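Model, not experiment: these values are computed from the prediction.
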Amino acid sequence: MAQAVEDWYKQMPVITRSYLTAAIVTTIGCSLEIISPYNLYLNPNLVVKQYQIWRLITNFLYFRKMDLDFLFHMFFLARYCKLLEENSFRGRTADFFYMLLFGATVLTGIVLVGGMIPYVSESFAKIIFLSNSLTFMMVYVWSKQNPYIHMSFLGLFTFTAAYLPWVLLGFSVLVGASAWVDLLGMIAGHAYYFLEDVYPKMTGRRPLKTPLFIKTLFADDSVVVARPAEVRFAAPAVDEMRR
């Protein structure tokens with residue numbers, strides 16, 4: 001059993017493995033009181049006035065207490081982050097990292113701007129960790145790129161992947177979780193999907209082209225072209241445009 005888990009972990013692509021490891025270590029560290037969540041949460045005043053820049057990153061690593069909700073999000077992170085990196089972003093590790101960076105930036109910007117808008121500022125002020133939202137963004141992007149895959153929710157009913165974010169949003173509402181967290185992930189995910197997949201088809205331009213300095217951080221992956229019968233998730237039209 002331990003060997004199987006080790007093999008599964010080692011077979012994960014680099015970004016997925018790194019993010020999953022950082023999230024689990026951070027959350028366990030907080031649960032054991034080795035790390036204090038008060039040193040991790042998003043606080044604009046501390047970032048700007050006391051230069052605690054790390055909060056812009058650490059608020060995406062802490063998934064609160066280790067309960068059933070934590071296990072759900074670790075599953076979503078391990079599954080959909082891995083699917084995106086291995087399929088839609090195969091051989092494009094730098095592009096995948098840039099997608100996460102874009103999503104984190106959009107989410108942070110929404111919370112900061114929302115905190116200055118009357119009547120909704122109190123709701124945004126309560127959002128001090130964006131880890132769940134970033135995970136939901138990945139689920140949303142995957143669902144938009146693979147809309148026709150059939151899925152089942154807890155064995156109760158089946159639907160296509162295009163409706164997966166809405167099913168999960170409804171489930172969050174039913175269990176009493178904040179809908180804002182999932183909605184923010186959907187907004188960030190849709191912004192990326194539109195700018196990366198829809199807008200280039202409309203105009204022939206890619207506004208989210210990965211900067212060269214990010215590409216230099218990652219070695220090019222070898223791309224294995226599978227036979228058509230072996231391809232599960234693919235987006236040929238988008239891939240052809242990127243070549």
**Q** Do W142 and S88 come close enough that some side-chain heavy atom pair is under 4.5 Å?
**A**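 W142 vs S88: side chains apart.
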**Q** Looking at S18 and V14, would you say the former's side chain and the latter's main chain have a donor-acceptor pair under 3.5 Å?
**A**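 Side chain of S18 to backbone of V14: a pair is present.
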**Q** When hydrophobic residues are tied together by side-chain contacts of less than 4.5 Å, even through go-betweens, does M138 share a cluster with L71?
**A**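 Yes, M138 connects to L71 through the hydrophobic network.
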**Q** Does any non-hydrogen side-chain atom of F97 lie less than 4.5 Å from one of L100?
**A** no
**Q** Please check: side-chain N/O of E85 versus main-chain N/O of T93, any donor-acceptor pairing under 3.5 Å?
**A**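 Not a single qualifying donor-acceptor pair exists.
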**Q** Assess the residue pair T21 and Y9 against the criterion (side-chain hydrogen bond (donor to acceptor under 3.5 Å, both in side chains)); give the C-alpha distance rounded to whole Å, side-chain angles, the decisive distance to 0.1 Å, and a yes or no.
**A** CA-CA 10 Å; T21 302; Y9 177 77; 2.4 Å; yes
**Q** If we only count heavy atoms from C-beta on, is the R205 to P200 side-chain gap below 4.5 Å?
**A** no
**Q** Relative to each other, are the rings of Y80 and F75 parallel, tilted or perpendicular (30° and 60° limits)?
**A** perpendicular
**Q** Aromatic ring centroids of F159 and F157 under 6.0 Å?
**A**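 For F159 and F157, the ring centres are under 6.0 Å apart.
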**Q** Salt bridge check: are R90 and E86 linked by an N-O gap of less than 4.0 Å?
**A** no
**Q** Mind checking whether I53 and L56 have side chains closer than 4.5 Å, heavy atoms only?
**A** yes
**Q** Can you run down the ring-ring contact (aromatic ring centres under 6.0 Å, His included) pairs that involve residues 26-71, sequence neighbours left out, and say none if there aren't any?
**A** Y62-F129
**Q** Parallel, tilted or perpendicular: which describes the rings of H73 and F76, with under 30° parallel and over 60° perpendicular?
**A**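 Geometry flag for F76 against H73: perpendicular rings.
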**Q** Quick one: are Y148 and T160 in side-chain contact, heavy atoms under 4.5 Å?
**A** no
**Q** Under the 3.5 angstrom rule, does the side chain of R17 hit a backbone N or O of M12 as a donor-acceptor pair?
**A**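 Side chain of R17 to backbone of M12: a pair is present.
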**Q** Using a 4.5 Å cut-off on heavy atoms from C-beta on, say whether the side chain of L164 contacts that of Y140.
**A** no
**Q** Are the charged groups of K215 and D95 less than 4.0 angstrom apart, N to O?
**A** yes
**Q** Find out whether F102 and L195 are in side-chain contact, i.e. whether some heavy atom of one side chain is under 4.5 Å from a heavy atom of the other.
**A** yes
**Q** Is the backbone of L40 close enough, under 3.5 Å, to the side chain of N59 for a donor and an acceptor to pair up by distance?
**A** no
**Q** Treat each ILVMFWY residue as a node, draw an edge where side-chain heavy atoms are under 4.5 Å apart, and state whether L61 and I34 are in one component.
**A**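 Shared cluster, yes.
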**Q** Is the shortest heavy-atom distance from the side chain of T158 to the side chain of H150 under 4.5 Å?
**A**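 No. Closest side-chain heavy atoms not under 4.5 Å.
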**Q** Do Q52 and N43 meet the criterion of a side-chain donor-acceptor pair at a distance under 3.5 Å?
**A** no
**Q** Indicate if F136 and V173 have the same hydrophobic cluster label, given that clusters are the connected sets of ILVMFWY residues with side-chain heavy-atom separations under 4.5 angstrom.
**A**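 As far as the 4.5 Å side-chain criterion goes, V173 and F136 are not connected within one cluster.
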**Q** Any donor-acceptor pair under 3.5 Å linking the side chain of T216 with the backbone of F213?
**A**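 Yes; at least one donor-acceptor contact below 3.5 Å.
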